**Student:** 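Let me begin by handing over the structure; questions about it come next.
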Amino acid sequence: MDPGKIKMSGGGEKLEDVIGRSEGKELPEFEDGAFVVESRLKRRKLVGYKFLHKILPENVTRHPIRESVRSIVIVGQNDFDCQEWVEEPTLLVTRFEYANLYHTVTDWYSAYMSSRVTGLPNRPHLVFVDGHCKTQLEETWKALFSSLRFAKNFTGPVCFRHAIFSPLGYETPFFRGLSEEINCRGVSAHDLQQNPDIHKTARVSEFGEMIRAAFGFPVNRHHADKAASGHNVLFVRREDYLAHPRHEGKVESRLTNEQHVFHSLQSWASDHLKCKVNLINGLLAHMPMKEQIRAIQDASVIIGAHGAGLTHMVSATPNTVILEIIGREFERPHFQLIAQWKGLEYHAIYLDGSYANPQAVILRLNKIMKSLGC
């Protein structure tokens with residue numbers, strides 16, 4: 001890989017240092033020879049247009065994986081210039097919506113699956129082939145993989161003994177499932193091993209376990225462990241925060257009376273007599289990622305308005321129950337699908353607009369708590 005033939009910003013800067021930078025400057029443009037492969041064959045492009053179109057159709061306006069593969073040139077030994085060698089398997093990842101949790105989870109999952117499909121025995125190294133600045137989510141990238149560098153961190157041509165192009169997050173089931181029917185339900189790896197079924201998957205559960213393990217949490221916690229100290233009901237909140245250089249720091253409201261609903265749930269939890277209920281104020285956006293994961297794994301019930309924060313359910317433990325509050329403008333199956341592929345019990349409250357009747361939410365929660373023996 002020759003970073004000098006990849007046009008984009010350096011990447012990895014502090015957010016406050018690049019306010020206003022356009023997205024176009026952060027996404028890569030590849031010259032021919034940005035990637036080369038050594039061979040005794042005659043110098044030529046690695047792949048032709050027909051093959052490229054068959055393998056990577058133009059279903060994304062600016063497809064960096066397609067363009068990076070298009071740029072690969074076969075060269076002889078004399079033209080294979082290496083200022084640095086990377087011996088360990090390395091994932092090459094390009095991100096689009098890198099500051100949004102939902103889209104970042106699709107990138108994490110794509111990188112995880114690339115490791116599984118290629119049979120890597122250990123956590124690979126990772127290179128971002130993009131010029132995005134740092135975000136809070138970078139903490140998890142570093143936890144999940146052995147090392148992290150930006151392509152522009154290399155000062156000259158770098159050679160990889162084993163490089164893997166990770167597919168775009170848009171091409172994972174999380175995203176494609178929104179428009180395509182993917183007929184499978186989630187189970188644990190142990191259950192699937194004991195009872196093989198092509199219509200069931202353990203991949204999303206394994207993915208969540210990998211995230212928990214990366215932050216030092218046990219992967220075998222179950223419902224009984226939670227109930228011993230009371231049931232945590234995690235209310236995932238939407239908060240204002242500065243996401244990226246083109247963001248104003250304000251998030252779109254999905255539940256106009258969210259604070260009212262939260263206060264009502266506080267009263268309900270304090271008056272719950274049959275068992276102890278701990279209502280957790282899920283202000284996740286300003287918490288370190290390890291604390292976010294801890295809140296998710298300790299929850300018996302995760303509740304919240306439709307929004308990226310609910311994507312954390314990929315790290316939920318078995319028997320966690322999901323309750324999504326869905327406004328009229330956000331009737332999309334993102335989190336229903338994740339719950340299905342995780343094997344989690346899922347409920348939804350559909351609103352006429354963006355206002356939720358607190359008593360209706362409490363009524364639904366009461367039914368869920370009864371099903372948990374509370």
Side-chain angles (χ1 to χ4, degrees), residues 99-109 112 135-144 174 186 188 202-239 241 251 254 258 262 265 269 276-325 334-348 365 368-369 372 374:
N100 175 281
L101 179 64
Y102 175 81
H103 289 285
T104 300
V105 166
T106 68
D107 285 326
W108 292 340
Y109 186 74
Y112 159 71
T135 72
Q136 183 184 17
L137 298 172
E138 198 166 311
E139 176 186 358
T140 308
W141 281 110
K142 291 179 177 179
L144 292 175
F174 289 98
S188 71
R203 283 290 183 256
V204 181
S205 293
E206 291 174 345
F207 171 57
E209 289 178 353
M210 182 186 75
I211 293 174
R212 296 209 308 275
F215 286 97
F217 294 116
V219 298
N220 58 351
R221 291 199 61 192
H222 294 284
H223 174 66
D225 302 315
K226 302 176 184 178
S229 58
H231 286 284
N232 285 0
V233 175
L234 175 64
F235 193 110
V236 177
R237 309 289 297 275
R238 287 181 65 78
E239 305 172 75
Y241 71 101
V251 298
R254 304 286 173 84
E258 181 182 284
F262 179 72
L265 291 177
K276 185 179 180 183
V277 174
N278 310 306
L279 182 68
I280 309 299
N281 191 6
L283 297 171
L284 303 180
H286 293 92
M287 293 167 57
M289 185 58 70
K290 183 170 184 175
E291 295 310 308
Q292 295 182 46
I293 302 300
R294 188 193 306 276
I296 294 295
Q297 75 154 15
D298 288 347
S300 296
V301 181
I302 299 172
I303 177 176
H306 181 94
L310 288 179
T311 319
H312 269 309
M313 72 172 74
V314 297
S315 301
T317 55
N319 299 315
T320 302
V321 181
I322 310 299
L323 176 57
E324 181 181 6
I325 303 173
H334 297 69
F335 308 111
Q336 181 181 359
L337 289 172
I338 294 176
Q340 175 182 319
W341 297 331
K342 276 277 292 184
L344 301 179
E345 182 180 333
Y346 172 88
H347 302 267
L365 262 180
I368 291 172
M369 297 312 296
L372 297 177
C374 183

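These values consider heavy atoms only, across backbone and side chains, with no hydrogens, waters or symmetry-generated copies. Being a predicted model, the structure only gives us computed values, none of them experimental.
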**Student:** Could you pull out all residues at least two apart from F262 that satisfy ring-ring contact (aromatic ring centres under 6.0 Å, His included)?
**Tutor:**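 Per chain and number, F262 pairs via ring-ring contact (aromatic ring centres under 6.0 Å, His included) with F235.
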**Student:** Please report the closest heavy-atom contact between A348 and L323, naming both atoms and the distance.
**Tutor:**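 Looking at all heavy atoms of both residues, the shortest contact is N-CD1, 4.2 Å.
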**Student:** For E258, what residues pass the salt bridge (charged side-chain N to carboxylate O under 4.0 Å, His left out) criterion, not counting sequence neighbours?
**Tutor:**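 By the salt bridge (charged side-chain N to carboxylate O under 4.0 Å, His left out) rule, E258 matches R237.
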**Student:** Can you tell me how far the CD1 atom of I338 sits from the CD atom of E324, to the nearest 0.5 Å?
**Tutor:**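 So the gap between those two atoms works out to 9.5 Å.
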**Student:** Provide the closest heavy-atom pair for A143 versus A214 in the form atom of the first, atom of the second, distance.
**Tutor:**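 So the minimum-distance heavy-atom pair works out to O-CB, 3.6 Å.
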**Student:** Working to the nearest 0.5 angstrom, can you tell me the gap between T320 OG1 and Q297 CD?
**Tutor:**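 Interatomic distance, T320 OG1 to Q297 CD, rounded to 0.5 Å: 9.5 Å.
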**Student:** What are the two closest non-hydrogen atoms of L279 and A269, and how far apart are they?
**Tutor:**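 Smallest heavy-atom distance, with atoms named: CB-CB, 4.1 Å.
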**Student:** Kindly give the heavy-atom pair with the smallest separation between S300 and L372, and that separation in Å.
**Tutor:**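 Closest heavy-atom pair between S300 and L372: CB-CD1, 4.2 Å.
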**Student:** Kindly indicate whether the side chain of T311, heavy atoms from C-beta on, has any atom under 4.5 Å from the side chain of F335.
**Tutor:**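 T311 vs F335: side chains touch.
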**Student:** So L234 and V236, do their side chains get closer than 4.5 Å, heavy atoms only?
**Tutor:**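 When only atoms from C-beta onward are counted, L234 and V236 do touch, with a gap below 4.5 Å.
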**Student:** How would you list, by chain and number, every residue that makes a side-chain hydrogen bond (donor to acceptor under 3.5 Å, both in side chains) with E291, sequence neighbours excluded?
**Tutor:**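 Once residues adjacent in sequence are excluded, the partners of E291 under the side-chain hydrogen bond (donor to acceptor under 3.5 Å, both in side chains) criterion are R294.
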**Student:** Nearest 0.5 Å please: distance from the CD1 atom of I303 over to the CG atom of L265.
**Tutor:**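 Between I303 CD1 and L265 CG, I get 5.5 Å after rounding to 0.5 Å.
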**Student:** Once you round to the nearest 0.5 Å, how far does CG of L101 lie from CD of Q136?
**Tutor:**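 These two atoms lie 9.5 Å from each other.
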**Student:** Under a 3.5 Å cutoff, is there a donor and acceptor pairing between the side chains of Y346 and Q340?
**Tutor:**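 No, because no side-chain N or O of Y346 sits under 3.5 Å from a partner of the opposite role on Q340.
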**Student:** Minimum heavy-atom separation for I293 and S315, please, with both atom names.
**Tutor:**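 Smallest heavy-atom distance, with atoms named: CD1-OG, 3.9 Å.
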**Student:** How many angstroms lie between atom NE2 of H334 and atom CG of L310, to the nearest 0.5 angstrom?
**Tutor:**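 Output value for this atom pair is 11.0 Å.
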**Student:** Taking the side chain as C-beta and beyond, is there a heavy-atom pair between T140 and W108 under 4.5 Å?
**Tutor:**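 Answer yes - side chains close enough.
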**Student:** Could you pull out the closest heavy-atom pair between I302 and A316, with the gap in Å?
**Tutor:**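 Smallest interatomic distance, heavy atoms only, reads CD1-CB, 4.3 Å.
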**Student:** Applying salt bridge (charged side-chain N to carboxylate O under 4.0 Å, His left out), can you list everything that pairs with E139, at least two apart in sequence or on another chain?
**Tutor:**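 With neighbours one apart ignored, the set is empty.
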**Student:** Would you call H231 and V301 a side-chain contact if the rule is heavy atoms closer than 4.5 Å?
**Tutor:**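 Result no, sub-4.5 Å side-chain heavy-atom pair not found.
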**Student:** Could you check whether N232 and N278, counting side-chain N and O atoms only, form a donor-acceptor pair closer than 3.5 Å?
**Tutor:**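 The criterion, which ignores hydrogens and geometry beyond distance, is satisfied for N232 and N278.
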**Student:** Taking the side chain as every heavy atom from C-beta outward, state whether V314 and W341 have any atom pair closer than 4.5 Å.
**Tutor:**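 No; the side chains remain at least 4.5 Å from each other.
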**Student:** Of all residues at least two apart in sequence or in a different chain, which pass the ring-ring contact (aromatic ring centres under 6.0 Å, His included) check with H347?
**Tutor:**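 In terms of ring-ring contact (aromatic ring centres under 6.0 Å, His included), with neighbours along the sequence ignored, H347 is linked to no residue.
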**Student:** Applying side chain to side chain contact (heavy atoms under 4.5 Å, CB included), run through V233 and I280 and close with a yes or a no.
**Tutor:** CA-CA 6 Å; V233 175; I280 309 299; over 6 Å; no
**Student:** Against the six-membered ring of F217, is K290 placed for a cation-pi contact (under 6.0 Å from the centre, within 45° of the normal)?
**Tutor:**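 Yes.
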**Student:** Taking side-chain hydrogen bond (donor to acceptor under 3.5 Å, both in side chains) as the test, write out the residues that go with Y102, two or more places apart.
**Tutor:**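 For Y102, no residue satisfies side-chain hydrogen bond (donor to acceptor under 3.5 Å, both in side chains) once neighbours in sequence are set aside.
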**Student:** As a quick check of understanding, evaluate side chain to side chain contact (heavy atoms under 4.5 Å, CB included) for Y112 and R203, giving each step before the final call.
**Tutor:** CA-CA 10 Å; Y112 159 71; R203 283 290 183 256; 4.1 Å; yes
**Student:** Could you go through the side chain to side chain contact (heavy atoms under 4.5 Å, CB included) check for I322 and E345 one step at a time?
**Tutor:** CA-CA 6 Å; I322 310 299; E345 182 180 333; over 6 Å; no
**Student:** As an exercise, state the distance from OG1 of T317 to CD1 of I296, rounded to the nearest 0.5 Å.
**Tutor:**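 Result: 10.0 Å between the selected atoms.
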**Student:** When you measure from the side chain of K342 to the backbone N and O of G186, does any donor-acceptor pair fall under 3.5 Å?
**Tutor:**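 Side chain of K342 to backbone of G186: no pair is present.
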